[in-house]
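Comments concern the structure below.
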Amino acid sequence: MARRVPDESDFRARPGKRGSRPRTKQRPEHADAVTGFVTGVDRGRYTLLVGGGGQDQHVAAGEERTIVAMKARDIGRTRVVCGDRVDLVGDVSGDDGTLARIVRIQERSSVLRRTADDTDPYERVVVANADQLVIVTALADPEPRTRMIDRCVVAAYDAGMDVLLCLTKADLADPGPLRALYEPLGVSVVVTRRAPDGLAPDGWAIEPLDAVREALAGRTSVFVGHSGVGKSTLVNALVPDAQRATGHVNDVTGRGRHTSTSAVALRLPGGGWVIDTPGVRSFGLAHVQVDHLLHAFEDLDAVAAGCPRGCTHLDDAPDCALDEWVEASPDDETRAARAARLESFRRVLASRTGAA
Ligand SMILES: Nc1nc2c(ncn2[C@@H]2O[C@H](COP(=O)(O)OP(=O)(O)OP(=O)(O)O)[C@@H](O)[C@H]2O)c(=O)[nH]1
Ligand SMILES: [Mg+2]
């Protein structure tokens, strides 16, 4: 419900009802509220973790239990998302059939946002309080799209999150070229594959997991990427009782089936959280400031310092230092990599400024 400023009618029509509608005064304090960590959201019902041994970054000490809650009217339309820490009142026992109420969202350390496309004014908060964005990209099936990766990088930098690029399905294609494209940007890269038949006891396993585990340990990481790239498969490999449903990639369209439909946070053995999210087609950046874009491309940012004043950095920009940087490549391989990076930067830039 929208907050409303009281007007004359409030006072005339309801004399004597003083104090019954504290619209602009403080809301009830809910001093007895307990803290919960949102692990899932499904049609107005929130799954939360309450209590715990005090070892977890998101869960307060106390007897750990999973409870279900709805939003109280106090917080109006504000979206509560996976990863949020909230204050809860009402029945917080977690017993079957009980429903607690979320009365407050605690301050968020980070907010990952996206818009449907670059002109969409409506920005969605995807998850809260994550410190690392894991861009899950299949090396094949579906084909990798550097544009998507670049855009996720921008969204992560904009949200103040670190980036990990996880290249899956290395059993199907060589990770070399993508590695070469992203490692110079300072993005950490891990590569996983389906283990050859016979290696895994039940016939199907993802390897190697050590580097992935190390990169995720103790942190709150959100997995994003196109449908079918293997986000849920990887989560299942990392979290033994995750039981996330996984889907197939359509042979004809090369697209996944959008198997996962809502974000879910799962605790990693040994500490830390992973948040599995539904596959997205694109990552709209309407909410990102153009000025911030270049910062997300560290290598280009340094080069662009040599651009003429007011340079747009677009294709037709005269004397843009980024073009000179490609020209000055020491060999063909470098030239190809630089040209590809510049191209993807310009694509994002052009779509943000409407020049595309
Ligand atoms: N060959 C191969 N296939 C894989 C690998 N990882 C996952 N897959 C397959 O890719 C398909 C899609 O995997 P999912 O884990 O459902 O993909 P997702 O990213 O969670 O997809 P959405 O939930 O739709 O966003 C499944 O058929 C997996 O078995 C891999 O390393 N190699
Ligand atoms: Mg999935």
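Each residue takes its place number in the sequence, starting with 1. We count ligands from 1, going down the list as the structure has it; atoms in each ligand are counted the same way. This one's a predicted model, so the numbers in the text were calculated from it and none came from an experiment.
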Q: Work out how many protein N, O or S atoms lie closer to the Mg ion (ligand 2) than 2.8 Å.
A: 2

Q) Less than 4.5 Å apart, any side-chain heavy atom of Val326 and any of Arg335? A) yes

Q: Kindly indicate whether the side chain of Val239, heavy atoms from C-beta on, has any atom under 4.5 Å from the side chain of Asp241.
A: yes

Q | salt_bridge(Arg194, Asp171) N-O dist < 4.0 Å | A | no

**Q.** Qualifying residue, where the test is side-chain hydrogen bond (donor to acceptor under 3.5 Å, both in side chains) with Thr35 and the options are Arg85, Gln106, Arg104
**A.** Gln106

**Q.** Donor on one side chain, acceptor on other, Asp331 and Thr334, under 3.5 Å
**A.** yes

Show me the short polar-atom pairs for ligand 1: any N or O of it lying under 3.5 Å from a protein N or O, with distances only.
| unit_1 | atom_1 | unit_2 | atom_2 | d |
| --- | --- | --- | --- | --- |
| ligand 1 | 1 (N) | Asp171 | OD2 | 2.8 |
| ligand 1 | 10 (O) | Lys169 | NZ | 2.9 |
| ligand 1 | 13 (O) | Thr233 | OG1 | 3.4 |
| ligand 1 | 15 (O) | Ser232 | N | 3.4 |
| ligand 1 | 15 (O) | Thr233 | N | 2.8 |
| ligand 1 | 15 (O) | Thr233 | OG1 | 2.5 |
| ligand 1 | 16 (O) | Gly247 | N | 2.8 |
| ligand 1 | 17 (O) | Gly230 | N | 3.1 |
| ligand 1 | 19 (O) | Val229 | N | 3.3 |
| ligand 1 | 19 (O) | Gly230 | N | 3.0 |
| ligand 1 | 19 (O) | Lys231 | N | 2.9 |
| ligand 1 | 19 (O) | Lys231 | NZ | 2.8 |
| ligand 1 | 20 (O) | Ser232 | N | 3.0 |
| ligand 1 | 20 (O) | Ser232 | OG | 3.0 |
| ligand 1 | 21 (O) | Gly228 | N | 2.9 |
| ligand 1 | 23 (O) | Ser260 | N | 2.9 |
| ligand 1 | 23 (O) | Ser260 | OG | 2.9 |
| ligand 1 | 24 (O) | Ser227 | OG | 2.6 |
| ligand 1 | 24 (O) | His258 | N | 3.3 |
| ligand 1 | 24 (O) | Thr259 | N | 2.8 |
| ligand 1 | 25 (O) | Lys231 | NZ | 2.9 |
| ligand 1 | 25 (O) | Gly279 | N | 2.9 |
| ligand 1 | 27 (O) | Gly247 | O | 2.7 |
| ligand 1 | 31 (O) | Lys169 | N | 3.3 |
| ligand 1 | 31 (O) | Arg194 | N | 3.2 |
| ligand 1 | 32 (N) | Asp171 | OD1 | 2.9 |
| ligand 1 | 32 (N) | Asp171 | OD2 | 3.4 |

**Q.** Which atom of Ile135 lies closest to which atom of Val163, heavy atoms considered
**A.** CD1-CG1, 3.7 Å

Q. Which heavy atom of Asp91 sits nearest a heavy atom of Ser93, and at what distance?
A. OD1-OG, 2.6 Å

For residues 269-285, which side-chain donor-acceptor pairs fall under 3.5 Å, sequence neighbours excluded?
| unit_1 | atom_1 | unit_2 | atom_2 | d |
| --- | --- | --- | --- | --- |
| Trp273 | NE1 | Asp56 | OD1 | 3.0 |
| Trp273 | NE1 | Asp56 | OD2 | 2.9 |
| Asp276 | OD2 | Ser232 | OG | 2.6 |
| Asp276 | OD2 | Arg244 | NE | 2.8 |
| Asp276 | OD2 | Arg244 | NH2 | 3.3 |
| Thr277 | OG1 | Phe223 | O | 2.7 |
| Ser282 | OG | Ala116 | O | 3.3 |

Q: Name all residues meeting the ring-ring contact (aromatic ring centres under 6.0 Å, His included) criterion together with Tyr46; count only those two or more places apart in sequence or in a different chain, and write none if there are none.
A: none

